[in-house]
Each structure stands twice: as structure tokens, then as C-alpha cells.
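Notes to accompany the following structure.
All heavy atoms count here, side chains included; hydrogens, waters and symmetry mates do not. The sequence lines fix the lettering, A, B, ..., with proteins before strands; numbering per chain opens at 1.
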Amino acid sequence: MTDRLAAPAGLLIDRNKPVAFSFEGRDFTGFEGDTIASALTANSIRALSRSFKFHRPRGVLTMAGQDGNTLVHAGDSPDVLADRVRITPGLQVRALNTLGGLDRDLLGGLDRLARFLPAGFYYKAFFRPRPAWALWEPVLRRIAGLGRVGAPVSDTGCDKQYLHADVAVIGGGPAGLAAAAQAARAGAEVVLVDENPVLGGALTYRREASSDKAARAVEAADNVTVMTDTLCNGWFSDNWLALIRDRRMYKLRAKAVVVATGAIEQPAIFRNNDLPGIMLGGAAQRLIRHYGVRPGRRAVVLTANSEGYGVALDLGEAGVEVACVVDLREPAPDHEWAEAVHRRGIPVLAQAAVWAAESDRNRMRGVRAARVARITGRGTCGADVDRFACDLITMSCGYMPAAALACQAGARMVHDTEQPIYRVENLPDRMFLAGAVAGVYGSEAVVEDGRVAGHAAAADAGFRRRGRKPARRHEPESTGLCHPWPMFRHPKGKEFVDFDEDLQIKDIVGAVGEGYDHVELVKRFSTATMGPSQGRLSTLATVRIIAEATGADVAAVGVTTSRPPVIAESFAHLAGQRFEPVRLTPMHDRHRQAGAKMMVAGAWMRPAYYESETYESETQISAEARNVRDTVGLIDVSTLGGLEVRGPDAAEFLERMYTFAYAKQPVGRARYVLMCDRTGVIVDDGVACRLAEDWFYVTATSGGVDGVYRQMLWHNAQWRLGVDVTNVTAAYAGINIAGPKAREVLAPVCEDVDLAAAAFPYMGVREGRVGGFPARLLRVGFVGELGYEIHVPAPCGEALWDRLVEAGRGQGLRPFGVEAQRLLRLEKGHIIVGQDTDGLSHPIEADMAWAISRKKPYFVGGRAIAIRETKGLSRKLVGFEITDPAAPVPEECHLILRDSEITGRVTSVARSPVLGKVIGLAYVAPDQAEPGSVITIKVADGRRVPARVVEPPFYDPDGARQDM
Amino acid sequence: MKQMTCPLNGPRNISEFAYGGPVVAEPDPAACTDGEWTDSLFMDDNPAGRVREWWCHLPTATWFIAERDTVTDEILKTYPAAP
């Protein structure tokens, strides 16, 4: 670590903890707290990566995670900011955009072809002749892109957390600290977010600044939560902020936000301004104060403000020989730092510019000299060139407000030609700016600005009474900080405007020449401001060049749109953890114990079938189904939706919601319900049980009940009928016991309900006790056998299951799963809404005209069904059978063909063990719907299988078995 | 994420709400033509400016009316449907 400075320089590093890591296969050592970039600079490594297009060596530029120069591979992560990510023991770091290593990059010579590769060259070069793109694409794909994603991608352990605050302060510099302290004093709960490891912002690295007092005051306040190392990467509606810290994304909702994100120092633009060793003044100061690293050995300081003189003094104190200070301005340096520079005998060249930089012959070493010339006009220099040997050029020429968050929230950047500086205007409600982002500079003025913003934000968050309104006593100093034109076009080019995309002045001028004369068009054609740094370092220069090229005022050009994220973020952060909650029925453990193969059914886990070592799954399903037909089976139907509809208008309400008639339905009876939406499309079905004159218990499908409930409430918000609807799905467990022996098994455990056929007929409903539990018994038959659906309070479900299993011992009772139930209902020709119907199916084409009451004046969808009936049918749902045992079995969604015309599709199909043939339901053309017609099904391998249309139900057409 | 104020539950994230279409009266099915009925199902005015809409707070299935400006995307007020 030859360039490491002695303490106290190095605020962020711990010299007692060396950390070994590697870069490009070579071993290096840094200290804990070092970033990859600071540790490498301490080891005198200048080039950290190569540029995206020309593969030019690049090094430290901002030391603040603002640029794309120092993107590297680190460990498994393809694109990390070397000046932000800290080293860890054993970390392996590699440069980007190289073919064969950083110093031997085979594509390093692309640079010399630059003149043939202007911005937008790929729109023209690779498309003539047309088929050429197919050849070029794989080549370009290999060259382009940043980094490579390693496979397989491991679980990143990223997750999310939700936070709330009265006032969120983004940026922990002097303005943010003052704002947070003021808001806290007013009583607000404050969250203070800063991307750096310590609070203080510019106070931690600028000359003659100290953050200690302000930071300690904020850290001591009870109602301020400080989040350092946390990036606020996006603003979303109503002050919803995305924060990223380590592996967690926080979503912070704040009543008011203070944006105190400061300003971003801007590079000067001259030939070879991208060489390693050319960096912003603030980057050099960060290296010195944050990391105790000497940024170079001999420096040329380019400046247009007093900050540059502070940089020159800092460099001198850090042991860097300052060759000269080059001041872009007509000399007026009456600042104390300028006088100190004079006193130290450092030459100052006024009204001069670094006009070009020279690269060392070993390009990995970066800059070796600065060529300085006198400024003759805006952006032009004379011929009188001085050459200063140096390995460091610092730039302090001006700032852009770091206003990305404010602009995402709808604020506008407006150019103030006087200063010249951009200001942020049109702030949304409940957002405030403080400090440099608001164009306020000067230590006292910044703190006062922070206090004012903190006070206003707390007031907006409802904390008005406490705290005196802070005053402004000091005038902000923004004059003379930003040079209007720190750009010098060189006849040989290579003056980089956008480092991310290797764009030179001529590329922007060229884009305007191509006719793209609007800033947003220039952006899209040239890709200026589109790289990883998102224009933070290039927007200002781009806009100025467009202004000159189009003859417009800078203010009239505008800036490009700002969108989240501020800094590139990983998908892992956005994804967080998998969160797929499922619902379990009260009998879930019993199913698992019985060897159930569980399946996901909507939000629920349900047994598909019960595994047995003796059978394959398909024979298992057949065996479960056959057991229901022959003896008796048990299925958990707790997932079935349940709705209580109560009130004097309950019957009238059902009349309107469902297609059938309910007004005269007797108490103690169940009736089928079919629900359509307003366009007449089938959306749900179930049964309505009349428990009393004014009380129905209505079932709905497992997946449909929430929507049904919502629709019921929406309609009644308008109808205002005297009825109350409650979704009681989770309150009840349900078991269906079905099969010829169902009554025999149930009778001993059913104490007070007479199960005799005459007393409790098919479609009857009774209330009583089963196994000691209060129960509703429904004699309904989805599977078409004698059966009872027993609904008990959910906590009783598991015990009831046990009692029924116990009661069925020795009687052949066994549980059956969803798969067997689907087969059994298909044998009965019952539809499943959503499987045998789709988003257009209406009751007539689903062959359910029987379920529509023609007598009542109104029901939801009724008028639409009537209108559709006048248009004639376009398809019809029919049953079909395939009796040839050798024929392949179609699957759901296989097509029905007539010659080459598609006339429909299969919706349900299965081989029926009881019937000994394949049966199914399908949509067919109306003229194919007549029983006896032969339809053709195209199966997966392309074979065509003939099937015969038959009238469902396939099994027990008279319903004798369920009526026993 | 936007927030909406449910008249029953207060301000909540917009992801907790579902849109239920504009507040319009259904035409009288006995008196209107097929065309008028079909229009009422499928044709919305979609005006630029202030609109009245049905919204539902999903976790509590609470339906209410929201007035919104479709130009500024501002939720102007929310209230229960008239009792």
C-alpha cells in the first residue's frame, strides 16, 4: 500500500484490520472499510476497468458511486461500483469490458477505430444488406453488455421491510442533519437516510469541515432513526420511498420528505479527459479524508471555483506535488484558500484550461501530462501550450443538483442563466429541498436552509405547534461555483461527454446534425445519459452542446426525464423472498398422515389422491372413485365457499344475483345456484340452502367465493335490499360422505337427524349434531351417489373427520381426493366453472338453460343472456365418448376439428373405470351438438381420434343412485 | 405507491383496492333497447377530468365511491354510497 497516508486521514478505514483480496488475479491488501477502488488506489493501481464501447482504460472518477467508470465484477456480482462496494476477505475482483484481461484486452484497439464508430453507427452499419444483422448479432451480443451473470444463481437472501415516518430526510449532509434535527424537535418521527457509512456528507471530506457536532445531535435524538449505508433509489406516489441497505429493500411511507441529496460535481470536457488519474476534486478529497489514500504523486488542479484551491491545499498536505492550478476564470481569487495557494508558491494559471491530457505509453498508468492553454473564448483555447507532467488531474468546475428523487416526483430542472446553475422547481406537495440540491451553498446558509425545510416538513406531517420557526440570516453563496462552459473541443476529438457510452462532443453535435434536435431525441439516438450513471455526469454538458448546435438557449433545451432507479439495482432486491401463502383446511394433518399427495387448488392445498404403495397414481384415483360407487368415500370439502345471506329480502336478493328461482324455495331445501356477470357469462355455481324464511346458506366454488362475495356487496350497495351477506368460508369445515353405504356409516354418529330417505330426501337440508358437533347436513350429490355434505365449525373439522373414519371402519370407507371427485362428477356430467366454462361461456351454450328462471323480471346477466339468445349459438358444450379402447386418450384443450377447421375444444376428459370408456365434455359447433354426431379430436401427437356426441350424464342418467 | 382513503379503514395502499367501474345507473331493462343495454355494459365515457367511480377495499370488501381526476391522477374524495 505505497500510496496510503498516515492517520488521522482515513475516516472510514480500520488500519488494524488488513483485508486481502484479489484484482485481475493479483493479490492485494487493503483495510477494513476500504472500497475496492480506494484499496486499489492505495496500491497505486490506476485503471480499474474498461469502457463500454472503445474499451478505454478507466479509473476513479467520483469516488461516490455516481459514475459507471469503475463497474467491476466482484465475487458473484456482475456489476458492482468499485467506489461503493467494500472489500471483504478473499473477494475476487475483475475488470469489465475486457477480452483477455484488463491490461491485455484484445479489443483495446477499438479505440483507434473510434472515427468509424460514431454514435448511432449500429443503426446503419449492421442492417445492410438486411440479412447481415443475423450474422452480426451474436458478435455484438458478445462484445456488448456489462458483466456476465453467473449460473446457477443462488438464493440471494434478499428480503423486504416496511417502514413509516412522519418526515423522511434523504441525505445526511449538513442540510439533511439540520432538517432532521429541526423536524425531530417539532415532535415528528424522522427517518434519516444516507448512502455513506457515516453521516455528514460533504462535511466528512471537504477542507476545513467537521460533521461531528451536527451528526451527534441527530444520533442522540430519540425520534430520529438513522439509516446509513442506505440508498434511496426511487420516489413513488404519495412519498413511498424505495430504500436499499445490504440485502434488504425497505419501503418507507413518509408523510413528508426532505430531499437533501446535495449536488454532483461535474467533469470538465477536454481531450482524453477520461484517462485514469483524472478525477473530480471531490473524489481526490474523498480518497484522502475517507480512506487515507494519496490520489497521485504530481497533480494539475483544474478549477473554476474556490473549492479547487481547497483541493490544491489538501493535495499538498497529503504529499502530492501540485504542479499548478489552472483556473478557467478571469482571475478573481480573493478567497483565503487562493491566497494560501499563492503563499505556498504553487503556480496559478488564470483564464486557462487543460486543453488535452496525454496518456502514458503504458495505458494502465493513465495520465502522464496535462497540456494547458489560454482560453480565447467560450470553449476555445489559443495555441500557447504549456505541458505539465502529472499523474493526477483534478476537476472542480461546477455542480448539478442531485435532484433525481425530486424529478421522479414531478419537479422540473430549470436553468438559471445568471449563476449559471440548474434549479429545481415545481415541487410536489409534502416534498422539500434543502442545501445544495436547492442551489444553496455556504456552510451557514445550508444549515439554515435545512432547518427551514425540516420545520416545514414537520408542519406538513402535522407537527405545527412546537418549535420556533427557523430564520435565514445568511445569504446563500452560489455565485461563481459553476463555470458556464468548461468544455473544449479538440480537432482530434476524444473529449468525452458521456463516459458510460464513450460519447464525444462530435457525437452529440452529430446527433443534432442527423435531425435529432430535441434533448430527448438526442438521448435516444446517441444513448447520451442512458448508461449506468444515468446522466448524472453528462446531462449538463450534453444540454450545453445541444444548445450550441441548435442555436438555442441552454434554458430552452431542458433536461431528460428522470426515472427510478437512481442507481442500478439488482433483481434480487426487487424480488425479495418468495412469498406464496397457501390455505390449509382443518383436516390437513389427517390427509398428510393418510399419505395424501397434495395439490395446489387456488389458494388452498388439497389432497389430489391418497398414495398407496400398491398402486400407481392413476389406478389409485380409479380405485378411490370406484370405492365411492361401490361402498362409501369421504372427501374434505372445507375449501368450498360459504356465504350467509340473511334478512327480510334474502330471497329477493338471491333472485337477483342468481339465474334460478328462490322466492318459493321451501325452508329445509337446497337449490342449485348459477351466477352470471352483467354480460351473461357464467362466473360461479353452488347451492343455496334455505335455513329459514329470511336465511340462506349459499355455497360457492373454492376459487370463486371471494369474487362472488365482492359482487354481492357491490350490487347491494346499489340495490339497498334488506339483507346482510357474510363470507363464512373459513368458519366452516366440510366433509362429503358419499356412496351407497353413506347412510349406514353416518347414522350411528348422527344423533338427532332422521336420515331415512322419506324424512331427509335428496336436496334436503337439516341442522343437527354429527359426532357431537353442531352441523348442517346437505343432501347434495356432486359425485352422483347417496351422499351428505356435513358442515361444522372449522375447529371441529379434524375431530369430525376422525369420528367418520372410525364409524366407517370395517365398512369399506376410505378417503378420496380431488382427482377422483373430478372423475366422478364428470361421469355425472356436472360442469366445473372455469374448466368447462371460459370468459365467454353463457348458460345457453353451456347447455344449462334449465337453470334459468324465465318468470322473474330481473337477474344479473339476464338481459345479456336474452340478447345473446337472439344472435344464435356459436358453440355448444356437449358430452362425448370414445369407445375404442385402443384409441389415444385426448387431453383438456385438445382441438375439435372439422376437416381443417377448428370448431371447439375438449374441456374435461377421463377414462371412466365404471363405464369402461373414455368420456368427456367439449365445445363443438352447434350443428355437431346433436347426440350421435361424430366429432374428430386432434390429440397431442397430431393423430385424429373420432368421438361420439352423447347426452350427459354418462352415469346413472335418471339419478336413481343419489336419490336412494 | 399511491394511497387511497377508504371511508371505513382510512388511508391504505392502492394495492389493497380494486376498481369497480364508473358510477352509472343501469338502464331500465324493460324499457331500453338491446343496443342501449349493450352500450351500458361495454361503453364507458372515459372523460378527461373529474370522474365518479366504484372502488373496493379488498381485505374488508368495502365498496365506496371515489372522485378522481383522470388528468392529474388525484383522488379528490372518497365516501360511502348513499345509505
Residues A:Glu869 and A:Arg854 bridged, charged N to O under 4.0 Å = yes
Indicate whether the side chain of B:Gln3 and that of A:Asp238 have a donor and an acceptor atom separated by less than 3.5 Å.
-> no
Side chain, backbone, both or neither: which part of B:Thr60 has an atom under 4.5 Å from a heavy atom of chain A?
-> neither
To the nearest 0.5 Å, tell me how far B:Thr5 OG1 sits from B:Lys77 NZ.
-> 13.5 Å
Residue by residue, scan residues 44-56 of chain B and write down, ordered by number, those that have a heavy-atom distance under 4.5 Å to chain A; if none do, write 'none'.
-> B:Trp54, B:Cys56
Should the ring pair A:Phe653 and A:Trp719 be called parallel, tilted or perpendicular, given that the plane angle runs from 0 to 90° and is split at 30 and 60?
-> perpendicular
No-hydrogen, no-angle side-chain donor-acceptor test under 3.5 Å, B:Asn13 and B:Ser15 = no
B:Ile14, part contacting chain A, at a heavy-atom distance under 4.5 Å = neither
With A:Val193 as reference, evaluate A:Leu241, A:Val257, A:Thr230 under the side-chain contact (heavy atoms from CB on, under 4.5 Å) test and give the passing residue.
-> A:Thr230
What part of B:Ser40 is in contact with chain A, defined as an atom under 4.5 angstrom from a non-hydrogen atom: side chain, backbone, both or neither?
-> both
B:Phe64 versus chain A, the contacting section by heavy-atom distance below 4.5 Å | neither
Does A:Lys255 use its side chain to pair, donor to acceptor, with the backbone of A:His164 at less than 3.5 Å?
-> no
Answer yes or no: is there a donor N or O on one side and an acceptor on the other, between the side chain of A:Glu655 and the main chain of A:Tyr662, under 3.5 Å?
-> yes
Taking every heavy-atom pair that is under 4.5 Å apart, which of A:Tyr709, A:Trp714, A:Trp240 has the most such pairs with chain B?
-> A:Trp714
Assert top hit (heavy-atom pairs under 4.5 Å, partner chain B, pool A:Arg253, A:Arg678, A:Gln718) equals A:Arg253
Separation of A:Asp684 CG from A:Met712 CE (nearest 0.5 Å) | 8.5 Å
